[in-house]
Structure formats: structure tokens, C-alpha cells
Amino acid sequence: MSSDSLPTRYDPESFEGRWYSKWESSGAFSPTLEGDRPPFCIVIPPPNVTGVLHIGHALQFTLQDLIIRWRRMQGYDALWLPGTDHAGIATQVMVERQLAKEGTTRQALGRDRFLERMWQWKEEHKDNISRQAKALGSSCDWSRERFTLDDGLSRAVRRAFVTLHSQGLIYRDQRLINWCPRCHTALSDLEVVHKEQQGRMWDFAYPLEDEGEIVVSTTRPETMLGDTAIAVHPADGRYSGLVGFHAIHPFLDRRVPLIADAELVDPEFGTGAVKVTPAHDPNDFQTGKRHELEFINILDNEGKINDAGGQFAGQDRFAARTAVVQALKAKGLLRGERPHEMAIGHCQRCDTIVEPLLSRQWFVDAKPLAEKALEVVRDGRVKVVPDFWVATYEHWLENIQDWCISRQLWWGHRIPAFTCAQGHLLVCEEDPDSCPTCGQAVEQDPDVLDTWFSSGLWPFSTLGWPDETEDLKRFYPTSVLITGFDILFFWVARMIMMGCHLTGEVPFHAVHLTGLVRDASGDKMSKTKGNTIDPLEVVSEYGADAVRFTLAALASPGRDLPLDIRRMEGYRAFATKVWNAARFVQMKLEGDEQPLGDLSPADLGPAERWILSRLAHTVRSVNRAWECYRFDEGCHELYHFVWHAYCDWYLELAKGVTDRREVRSVLRGVLLEALKLLHPVMPYITEEIGHHLGHEEMLILTRYPDPDGRWEDNELEADFSALQELVAGLRSYRAMVGLSQRHPIAVTLVGVDEHRAGFLTSQTDQLEQLAAVASIRLGTAPAQAIHELLGGMEVALELPPGSLGEDQLVRLQKQIEQLDRNRAGLEGRLSNSSFTAKAPPEVVDGARQQLAEVTTRLERLRQTIEASAG
RNA sequence: AGGCGCGUAGCUCAGUUGGUUAGAGCGCAUCCCUCACACGGAUGAGGUCCGCGGUUCGAGUCCGCGCGCGCCUACCA
């Protein structure tokens, strides 16, 4: 226990690191594994191991930590499992870039030495992420930290691959895939980013074998080198006589058959004739299969025309495009050229234009997995927050295509498939010594798996799967996943597919999808724009608590977060406010204060009962907010309670009476409860203040406040609002009239019911202190008094003679106008027979009462004006 | 092309199952360095809730259409 006084200045840097170490070394981050505590588990969306955290990570870390700390304080056996992802392409690209600077390549280095470099790079960078996570206060269990290429997780990947393969859900096939000519690897459909671009469309003619020509259109003229058919619609009269005949390829020694295909061809489009390149276009690929056409690959892995391209061989695809157009022109076959808007696929990682390429790859048959994944979301076993994402999720899964999972990279999980010289294929968990069929030596498939394949196993592979570990039994399915909506398909859907299929259970009971952190003007943050915010920088500038509070308060469900740095200043001011309030309280304490639990409403004054009632409501709504991931609401509730209820009102009321023990007890007790409530959002400052106030247990381990109906007192709160409004009204009135705030005013309550009036007149000391009320009574107004409408009460104020100025008359007039509008509206409604007949009786009664009150007030106010005029 | 989301105060956003007088934070203006806090206090100005139509006694809230913005999905040559 410490009673040394809080420093005057709030200086987060002076204690943040200290508390983090204390928490960590106390074991608070690790679950206790005690059986009577319900488990609660979050697995972290693993950041790229060699990456740097951006503010979006900070958001997710904050929200995860908020939830995990809250649940831990509620008594759950909480585990937040951290880790990182090897991020195949992204990381490999970084190291390759480094090699390029050294004037070498991975091929020159060879696979083994290249991988050594990769691991070295990983080792150098791996602490980046955890250091940043720790600075933010993340209460992860570092003893359970995982990396996707760890032995355990690699074993999980192998088990998953072998299982799916044995079930026929993973297969190898020659297909059209997305090929990145720069990364030299296949990509899944999701890794291709479509961008609307202004392209061109060319028309050119194929001369027919006998006579005449047929005109086709294309956006990629170079692909004509791989054309093996020309298709027309079977019902198209223009071409019906030509089907079965051949055209002559202008540059290659090839006859090109004319075929009829109703699926490929839209007779309304262009000339109604389509060139067919089965090896380089997805539609044409299907057409090729239907018609058993020849598949001619004209590109190499670099995106250059290969030998099949005749005179164009060796040219880059874009150079070849120009060359083909030129050559067509030279032969007099070019028929037209026009601008054409179209969506072009780019590599997600390097932005190179992706090429559809015929290639032998490994695929996951996604449909059967998708069915289960759809089911668990539809029946609520996985709750999606916000739920409007369900539609998007369903649409994608309902139309899911098979997933290409092999990558021609070196950094990743090597595909556990082996072949011998005889061509026997072996897919197994343990590396075989030789082919079990023929006994010959085997070679492993050189490719690695898509990173997302291993990420898809993350919620259970990190807990020990495929072993039946204690952790897996206790914490799986995990409780909630918190991540960005941008990886809904990449990651979330795949975890659900893989989890349901491989473990028979959902990977998490709920998934909360956060928005994107944008800059102050709503633009996406990017390094090129230079509008990024470095989490570590803002943490050291504003303190981790302010950064966390800002992000959490901004996190409205399903919305992006426009982050203005000034918000952080604002919430640092909030932290400072808490700090100073605590200093005040600490100053007043005498050491004999009782815990709130020992107090009973009967022993307390109205102000104490009021703040305790407000506290109880706040506890209720904050818990409710966390419960449904309304981080914004929870933060606003807390902000409002601490600043505008506790500091603005209660502290001011308590100032004069801290000699009373129960006042000090409430002062301290409410502050401590507020600190506990705030702890999940602002762990450091709350812990530091709690310690200084003599709270022995660390807040991280303290029970989170539960709603306590004992303190809720709505009647008192209504009385208290009247008091507040009276005080505010008097201040406002003085300001308007130009009277000093200290100038005493005698108050007569005129149109106020007895109960309320009784309360207010009992609060003379408080009213004197807060609003310099000279006296207050219920009764008829003195002749010279000025009638004011304050907080819905009619009060008469006695002022020095002649103090009713022009400004005030204007203000009264304004009030009258507003009331009169109100009156007219009420009268109109009440005279409408359909309103009185159809609206619920309590609404009608309410309107009647209001009208009566408004009418009286209007009268009084008019009298006041007249009196002052006369 | 389809789907989703958004359009409320100068800015960024809340607004529960429709209940009539629409809120917050920041910013702005005026006053105040009162013994926790100027990263503060008090007061105030500021809104045709995108437009039109409909349902209803009553619409920021529900429905339709339109306009604008954003995002996702998509194989149209």
C-alpha cells in the first residue's frame, strides 16, 4: 500500500513501462486454468512477423485488450494468445529486394541459403511487433506466443493438408490460374485486385480459308497468337453457314475452326464473333473444354511470348501487343481501334498486371467446406458483428470458386506431396524415405502453400491442434475474433471453413469486424500519401491510454474511423482530468474512509446518493456496451460520468463538506469504481491512481463492477436534475444580464410541485455554494420578481432594481415564442380527433398535461414582460 | 452489371421497438488564471436531419423513387 501523493503533472511515460512489467511478471496475462472459472479466449489476428504495426493494428489491439481485460476482471479465465504470421509473398518480396541491392537473387543463392536469409530476417524483426503491442498495454500471454512456421503449427498444416487430400477436398489439376509474372507465382482469386482502367479494344479480321473474312474484337490482341477457334452464336443467321469452316491464322501456320457456342457468345455484342484463346482466358478455357479445342500456351513465366508465338517469340506481352497490332495493320487486317473501359487484375502485392495462365496447381474444393461455413453463421453459432456483413459473407460463400493454394515461393509451408521417378504421388505427414509403392527415391513438391492456408487453422493450431492439448480442450472454440472487415474472405471465412471441417466446431462464437482507420479528412492512410500515424509515436506523445481511448471511442460498429490527431489531445486532456480529480481526492483523504459496500443509502446525503445512483447506471450501461461491442458507447458513458457527473458536480458539491467521513468515503469509493470501469480502456493511469489511493490489489485482477440496484434511485436523480438545471439556469441568467456569478439572488419557486420544491429548498447550502442563491422558498412571487423558466420549472428571481436589460427582454421574448410554438402544436394535436382516438392514452394524457403547464408559464412570462415595461 | 453501407450543427459522428422541444466530442464566440485541473471553468451561437412522394393521429426513424459519396463482388470479347 502506498499513500505517497500523486505528482502534480500527469506524465504517462513515468509509469507505463513499470506497470506493464508488473502485470507481466505477476502472471496476470496467463490464464489460471482453474476449473471453476469459465474460459474466455481471443486469438490475435497475427501480423506479418517482419512488418511494422500501423494504427489499424493499434485499433484491433486496443479492442481486443479491452475485451480481454474486461472479461478477466469479470472472473473469466482469460487468454489472449499472441503471435505472428510468416506472410509468404510479402516477406519474401522484402528479402528479395534486399538481395537485389546486394546484386544477387534467390535463385543464385539456392533454396537452402535463401531460407537461411529469410529466417535471419525474421529473427531481426520479430521483436518489433511484440514491442509495439506491449507499448500499447496489450495483456497477451506471451508464454503462448506462436508463429505460423513453428514446428507445432507446421504440423497442423500438414495434418490439415493430408486430411483434406485424403477426403478428396484437396487435388492437383492443370487449370487456368492467376499468374503474377513479377512474383513468378500463382495467386488465388482473392489476391487479384481488379482496377477499373481505360483500355483499348481492337477489331481485326481473320481471313477465311475459302474466301471472305470474319471480324473479331479483343482487348488483348497478343492473345490471338494462342487462338484456336472463332466462336459465333448458333442462332446467329449472319454466320450460320460458316460454322465448321476454318479461318487462317495470319501469323502462324494454323487453321482456326469456326464453332458455335451459345454460352460464350452474345450475338448483340460487337460483331457477334469471338476469338477463342483457351489457354489465356477463363471463358475461353471453358469453351475450349466444351469443344475439345487445342490449348496453346503462348506465355512464359516472365510474361514473355514463348516459342508458340512464332515471329513474336521473346517479346514482352505488352510489347507483343503493339507488335501484333502493327503486324495486323501491315497485313490490312486491322478493322478498328477504340478506347474501352475495363477492370484489369493486378497482383495484390506488387501491383503487376496478372496474367491468366494454364498451370498445374493444388486446389481446395471449397464448396463442401463453404456449405458448413454458411450454416454456422445462419444458425447463429458464429455471430457476426455488425450483422450486415452476413449478406456479404453469404454471397461470397454461395459463389465460391475452388481455392488455388500452391505458390511458387520458398518462404512458407512446403507442400507435403512427394513423387518418385515412376510418378507415384504420395501425400503424407512424415517425410518418406522412399516411395512405398516402388521403393525408389522421392522428391518433394517444390512449392509452398498459400499463407492463408495456415492462417485458416490459426484458432486451433495455436492451441495445440492436432494434439488434444489442455489448452485446446479448455479454450476452443475461442470466444470472439476481432479483426478488420477487409480480411473477411481471406481469413475469417476460411477459418470458419477449416475450423468446422477439421475440428467439427466453430473456431469462435463471435466475430467483430472493425472499420478502417482513416486520416482526419477520411482518406485511406498510405505510406505514399504520407498520412500514416505511427502507433509508437502517438503513444509516446499522448500516452498509451489516450491513444487507446481515442481508438475505442471512435470505433462505432461497421464504420471507418476518421482519426484526427486532435482527438488524442482531447482524450489526453481527459486522462489529465482524471489525474487531477484523483489528486484532489487524495488530498482530502484521512485514511478512515469506508468501502462503498459498508455504506447504506440511509447514511448519505442527496449528493452522495445521486453520484452513487449515476455510478450504478454507468456500470450497467458500460457493461452492456462492452457486451455488444459498442466500444464507442462505453467510452462516451465513462467520459461523461467521470467528467460531467463526478468532476463537474459531485466534486464541487463535496468540496465544502469533506470533513464528513461518509463524503470522503464516497469521494474515494466512486473514484475507485470509475477507475475499475475505465481500466480495460485506460489500464495504465487507472492502475497508477488506484495504487496511490491505496487500492492494494492490482486493478488488472480486480473484480469489474457489477450493476448494483441498491444505489439506483431514479426519483432522486430527477430531483437532482432539477437542481442542476436551476443552477445552470441561474448562471446563464446572470451571464445574460451581466451580473457577477457571485451576486446573490433570492429564488421563489412558483410552478413547482411540492415534492420537488421540498427537495430544492432542502439544498440551500449546495445552491448557495454552486449558484449563490441567497434564499429559496416555495410560494407566490414577489411583485417585482422576474419570472424565468429554468429546467422546466417556473421560478421567480429577485434582482437589484433596474437590472432587467434589453438583452434579457429579448431572451424572454425568445422563450415565449418557443413556448407558444409548443402550445400551438399541442393544441393542434389535441383538437385532432384522430390523435385523441388513435394515439395511446398515456401519450394523449401527457400532451394534455404539457399544454396546461405551457399555458400557465406563458401567462407568467408575459406578465413579467409587461411588468418590466410598465 | 449486381450487392452492401452512408448522406443529421463548421468538422467527425450518436440517435434504442416511429411519440412531437434532435444529442455528443472537437472547433467557434464571450467572460473567468476562484485554494484538483487553463490539457481548466462558466455561458452562448450554430441544424429545411440530401431531395421528392407515400404509409401514419404523428417520420431523422418505416416504404418507394431520385441525387451524391464510399466499399465489396463480377469471366462480357
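Hydrogens, waters and symmetry mates are skipped; everything else that's a heavy atom, side chains included, is used. By convention in this document, chain letters (A, B, ...) are assigned in the order of the sequence lines, proteins followed by strands, and residues within each chain are numbered from 1.
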### Proximal nucleotide (of B/C57, B/G25, B/G40) relative to the A/A839 side chain
B/C57
### Query
Out of B/C57, B/G7, B/G44, which nucleotide sits closest to the side chain of A/S732?
B/G44
### Task
Verify whether the ring centers belonging to A/Y639 and A/W643 lie closer than 6.0 Å.
yes
### A/F295 six-ring face occupied by A/K289 cation (under 6.0 Å, within 45°)
no
### Polar pair under 3.5 Å, donor/acceptor by atom type, side chain A/K588, base B/A36
no
### Task
Between B/G15 and B/A74, how far apart are the C1' atoms? Round to whole Å, please.
36 Å
### Task
Please check the phosphate of B/C71 (OP1 and OP2 only) for any side-chain N or O of A/R559 closer than 4.0 Å.
no
### Message
Taking any heavy-atom pair under 4.0 Å as a contact, classify A/A728: base, sugar-phosphate, or nothing.
### Response
sugar-phosphate
### Query
So what does A/R583 hit on the nucleic acid, given a heavy-atom distance under 4.0 Å: a base, only sugar-phosphate, or nothing?
sugar-phosphate
### Message
For a quick test of reading the model: is some side-chain N or O of A/W643 closer than 4.0 Å to OP1 or OP2 of B/G41?
### Response
yes
### Message
Considering every strand and a 4.0 Å limit on heavy-atom distances, what is the contact class for A/H395: base, sugar-phosphate, or nothing?
### Response
sugar-phosphate
### Task
When you get a sec, tell me which of B/C76, B/U73, B/C57 is the closest nucleotide to the side chain of A/F489?
B/U73
### Query
What is the nucleic acid contact for A/A573, judged by heavy atoms within less than 4.0 Å: base, sugar-phosphate only, or nothing?
base
### Task
Output the single nucleotide from B/C72, B/A36, B/A14 whose closest atom is nearest the side chain of A/T392.
B/C72
### Query
With sugar-phosphate meaning primed atoms plus P, OP1 and OP2, does A/F574 contact a base, only sugar-phosphate, or nothing at under 4.0 Å between heavy atoms?
nothing
#### Entry: Ring geometry between A/W579 and A/Y10 (parallel below 30°, tilted from 30 to 60°, perpendicular above 60°)
tilted
### Query
Where does the angle between the aromatic ring planes of A/F485 and A/W389 fall among parallel (under 30°), tilted (30 to 60°) and perpendicular (over 60°)?
parallel
### Message
What's the gap between B/C49 and B/G44 when it is taken at their C1' atoms, as a whole Å value?
### Response
23 Å
### Query
Quantified in whole Å, what is the C1' atom distance between nucleotide B/G47 and nucleotide B/U21?
14 Å
### Task
Let me know, please, whether A/E268 or A/R518 comes out on the 5' side of the other along RNA chain B by nearest nucleotide.
A/R518
### Query
Does A/H194 make a side-chain N or O approach to OP1 or OP2 of B/C72 shorter than 4.0 Å?
no
### Query
What interatomic distance, in whole Å, is found between C1' of B/C75 and the corresponding atom of B/G18?
46 Å
### Query
Would you say the side chain of A/R731 and the base of B/U43 hold a donor-acceptor pair, judged only by whether the two atoms sit under 3.5 Å apart?
no
### Message
Under 4.0 Å, heavy atoms only, any strand: does A/E196 hit a base, just the sugar-phosphate, or nothing?
### Response
base
### Query
Quantified in whole Å, what is the C1' atom distance between nucleotide B/G23 and nucleotide B/A14?
7 Å
### Message
Regarding A/R220, tell me which of base, sugar-phosphate or nothing describes its non-hydrogen contacts under 4.0 Å with the strands shown.
### Response
nothing
### Task
Check every strand shown and say whether A/L516 touches a base, only sugar-phosphate, or nothing at a heavy-atom separation below 4.0 Å.
nothing
#### Entry: B/A42 to B/C26 separation - P atoms, rounded to the nearest Å
12 Å
### Given B/G5, B/U12, B/A36, the nucleotide with the shortest approach to the side chain of A/F388
B/G5
### Check ion pair A/D203-A/R338 (N to O, under 4.0 angstrom)
yes
### Query
With a non-hydrogen cut-off below 4.0 angstrom, is A/P356 in contact with a base, only sugar-phosphate, or nothing?
nothing
#### Entry: Atom P, compared across B/U8 and B/C50: separation rounded to whole Å
6 Å
### Task
Give A/W202 one of three labels, base, sugar-phosphate or nothing, depending on what nucleic acid heavy atoms sit under 4.0 Å from its own.
nothing
### Task
Answer with base, sugar-phosphate or nothing: what part of the nucleic acid does A/D564 contact at a heavy-atom distance below 4.0 Å?
nothing
### Task
Could you tell me whether the side chain of A/E652 has a donor or acceptor atom within less than 3.5 Å of a complementary atom in the base of B/A36?
yes
### Query
B/G2 and B/G66: how far apart are their P atoms, nearest whole angstrom?
12 Å
### Query
Contact class for A/R624 vs. all strands (heavy atom < 4.0 Å): base, sugar-phosphate, or nothing?
nothing
### Query
Across the strands shown, which category fits A/L651 at heavy-atom distances under 4.0 angstrom: base, sugar-phosphate, nothing?
base
### Message
Over all strands shown, is A/Y639 touching base, sugar-phosphate only, or nothing at heavy-atom distances under 4.0 angstrom?
### Response
sugar-phosphate
### Message
For a quick check, tell me whether the side chain of A/T576 and the base of B/C39 share a donor-acceptor pair closer than 3.5 Å.
### Response
yes
